[in-house]
Amino acid sequence: MTQRPREPFVDYVDILHDRFTLESTYVRELPAVRATKRLKLHPKVTYFVGENGSGKSTLLEAIAVADGFNAEGGTRNFNFATRASHSDLYKWIRLGRCVRGKRRSDGFFYRAESFYNVSTEIERLGVATYGDVSYHDQSHGEAMLHLFTDRLRGDGLYLFDEPEAALSPQRQLAFLAAMHGLIEKESQFVIATHSPIIMAYPEATIYHFDADGIHEIPYEDTEHYRVTRAFLMRREPMLRELFSSE
C-alpha cells in the first residue's frame, strides 16, 4: 500500500505586493520581497539561508506574525511587547493553509534575539508546561533544548530564527535529533539559519536569499557548506591567504 504524502500545515506563502502600503520602506526594496510572489514550503522542513541583511529573518518574522504569533516569539497565546521593532511586511503575507493547518494542536515561534524576553514572560505567567526550572536559570542553549523536551508536543508548526546562536556544534546535532522527533510527530518547521549542521536535515527544501531574490539550492551548493568544508580541509592555507590579504 502506497503511503499517502504528508499534508503540510502551510503549503505556500504568497507575498501580495499591492495589498497595502507598507511603512517599512526598506522591506519593499529587499530582493527577496520584491522578486517573490509565492514560496512553496516543504511539508517537513524549509530552510531560509543567505547573508546578513538578505531578508530571511524578516520574511520568517512576517510569516509568524501573519499566522498569529507574537512578534518577539512564543506561542500564538503570547501577547506582550518589549519593543515593537518588527516590520509590517506581515500585511503582505497570505498563507496557503491546508485543511490540516486549520486544526493543528501546537506551534511556536523562536527567535534567538528575543528569547530572553519570551523566557521572562514564561516566568511571569508561571506556565508549568515549560518545565520546573526557569529558563533564566539555564544557559541559552539549555533553555532552548528544554523547550523541545518540555513544551513542544508535535503536530505543530514551528518557526525558528537562527537557533544556532545558542548552540555548540554538539548541541546543534541534539537540535537536529529533537527536531526529527517532532517531525515524526507530524510537525512542520521553517528555519532561518547560517549553520551547515542545522540545515542538513534530509530531503528538506533550502531557499537561498540573495541580490536576485529567492531560489532553491542543494545543500552542497550553499555557501555555508562550501566555505566550512573548504576551511576544514585547507585551514592553514586559507588562514595564510586571509591574513596576508590584510
Side-chain angles (χ1 to χ4, degrees), residues 8-42 45-97 101 107-118 120-121 157-166 188-195 198-199 205-217 222-224 227:
F9 292 112
V10 177
D11 186 40
Y12 59 84
V13 177
D14 282 341
I15 302 179
L16 307 176
H17 299 84
D18 56 354
R19 196 177 193 183
F20 298 99
T21 299
L22 300 185
E23 295 180 11
S24 306
T25 54
Y26 78 94
V27 171
R28 298 199 304 263
E29 299 306 314
L30 286 171
V33 173
R34 191 174 64 245
T36 305
K37 293 183 178 180
R38 173 169 291 188
L39 205 61
K40 180 83 170 175
L41 299 186
H42 193 281
V45 188
T46 303
Y47 292 107
F48 294 168
V49 306
E51 276 298 330
N52 296 326
S54 60
K56 59 189 185 301
S57 292
T58 300
L59 181 57
L60 183 68
E61 172 193 85
I63 293 170
V65 175
D67 198 39
F69 288 102
N70 186 64
E72 293 185 41
T75 69
R76 295 201 290 181
N77 294 324
F78 278 50
N79 184 22
F80 73 94
T82 306
R83 183 178 184 274
S85 60
H86 61 286
S87 77
D88 56 350
L89 178 59
Y90 66 90
K91 296 176 182 177
W92 279 7
I93 299 297
R94 181 174 63 192
L95 303 179
R97 295 184 179 89
F108 201 90
F109 175 36
Y110 169 93
R111 55 188 315 170
E113 66 181 33
S114 57
F115 189 57
Y116 181 95
N117 304 337
V118 173
T120 299
E121 182 69 3
L157 175 66
Y158 301 117
L159 310 174
F160 276 74
D161 184 22
E162 299 188 359
E164 69 275 9
Q188 182 182 17
F189 282 79
V190 184
I191 302 173
T193 183
H194 293 288
S195 167
I198 286 179
M199 70 177 70
T205 294
I206 302 176
Y207 286 119
H208 185 254
F209 289 51
D210 60 22
D212 296 321
I214 305 174
H215 56 274
E216 189 172 350
I217 188 172
T222 63
E223 185 179 25
H224 313 72
V227 170

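Any value given below was found using the heavy atoms of this structure, including those in side chains, with hydrogens, waters and symmetry copies removed.
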Short side-chain to backbone donor-acceptor contact, R19 and I93, under 3.5 Å = yes
Could you tell me whether E121 atom CD has more than 12 heavy atoms of other residues or ligands within 6.0 Å of it? yes
Legend entry - Validation row, ring centre Y158 to ring centre F108 under 6.0 Å: no
One should read off an interatomic distance between L60 CG and L159 CG, to the nearest 0.5 angstrom, of 5.5 Å
Ring pair (Phe, Tyr, Trp, His ring centres under 6.0 Å) pairs touching residues 48-77, sequence neighbours excluded, are F48-F209
With sequence neighbours left out, the residues meeting side chain to side chain donor-acceptor pair (under 3.5 Å) with S57 are D161
Closest non-hydrogen contact found for S54 with E51 is OG-O, 2.7 Å
Practice task
Check whether any side-chain heavy atom of D11 lies under 4.5 Å from a side-chain heavy atom of K40, and answer yes or no.
Solution key: yes
Side chain to side chain contact (heavy atoms under 4.5 Å, CB included) filter on S195, not counting sequence neighbours, yields E164, Q172, T193, I197, I198
Heavy-atom closest pair (H17 atom, W92 atom, distance to 0.1 Å) is O-CZ2, 3.0 Å
Show, in sequence, the C-alpha distance, side-chain angles and deciding distance for R28 and R34, and conclude whether the side chain to side chain contact (heavy atoms under 4.5 Å, CB included) test is met. CA-CA 6 Å; R28 298 199 304 263; R34 191 174 64 245; over 6 Å; no
Taken in chain and number order and not counting sequence neighbours, the residues that satisfy side chain to side chain contact (heavy atoms under 4.5 Å, CB included) with N77 are T75
Indicate yes or no: at least one non-hydrogen side-chain atom of N52 is less than 4.5 angstrom from one of H194.
-> yes
query: Mind checking whether I63 and L95 have side chains closer than 4.5 Å, heavy atoms only?
result: yes
Here the pair of heavy atoms bringing T222 nearest to I206 is CG2-CG2, 4.1 Å
| said: Angle between ring planes, F115 versus Y110, binned at 30° and 60°: parallel, tilted or perpendicular? | reply: tilted
| said: If you define the side chain from C-beta out and look only at heavy atoms, does anything of S24 sit under 4.5 Å from L89? | reply: no
Exercise. With side chains defined as the heavy atoms from C-beta onward, is the minimum distance between E113 and E162 less than 4.5 Å?
Worked result: no
### Query
For the side chain of H215 and the backbone of G213, is there at least one donor-acceptor N/O pair under 3.5 Å apart?
no
Taking every heavy atom of G53 against every heavy atom of L30, the minimum-distance pair comes out as O-CD2, 3.6 Å
For D67, the side chain to side chain donor-acceptor pair (under 3.5 Å) test, sequence neighbours excluded, returns R97, R104
Note to self: Please check: side-chain N/O of H42 versus main-chain N/O of P8, any donor-acceptor pairing under 3.5 Å?
What the structure shows: no
Shortest non-hydrogen pair, D210 vs D212, comes out as OD1-N, 2.9 Å
Residue pairs passing the salt bridge (Lys or Arg N to Asp or Glu O under 4.0 Å) test with at least one member in residues 86-96, sequence neighbours excluded, are D14-R94, D88-K91
Q: Evaluate the side-chain proximity of V33 to L59: yes if any heavy-atom separation is below 4.5 Å, no if none is.
A: no
Taking every heavy atom of V49 against every heavy atom of H224, the minimum-distance pair comes out as CB-CE1, 3.6 Å
Do side-chain atoms of K56 reach the backbone of G50 as a donor and acceptor pair under 3.5 angstrom?
yes
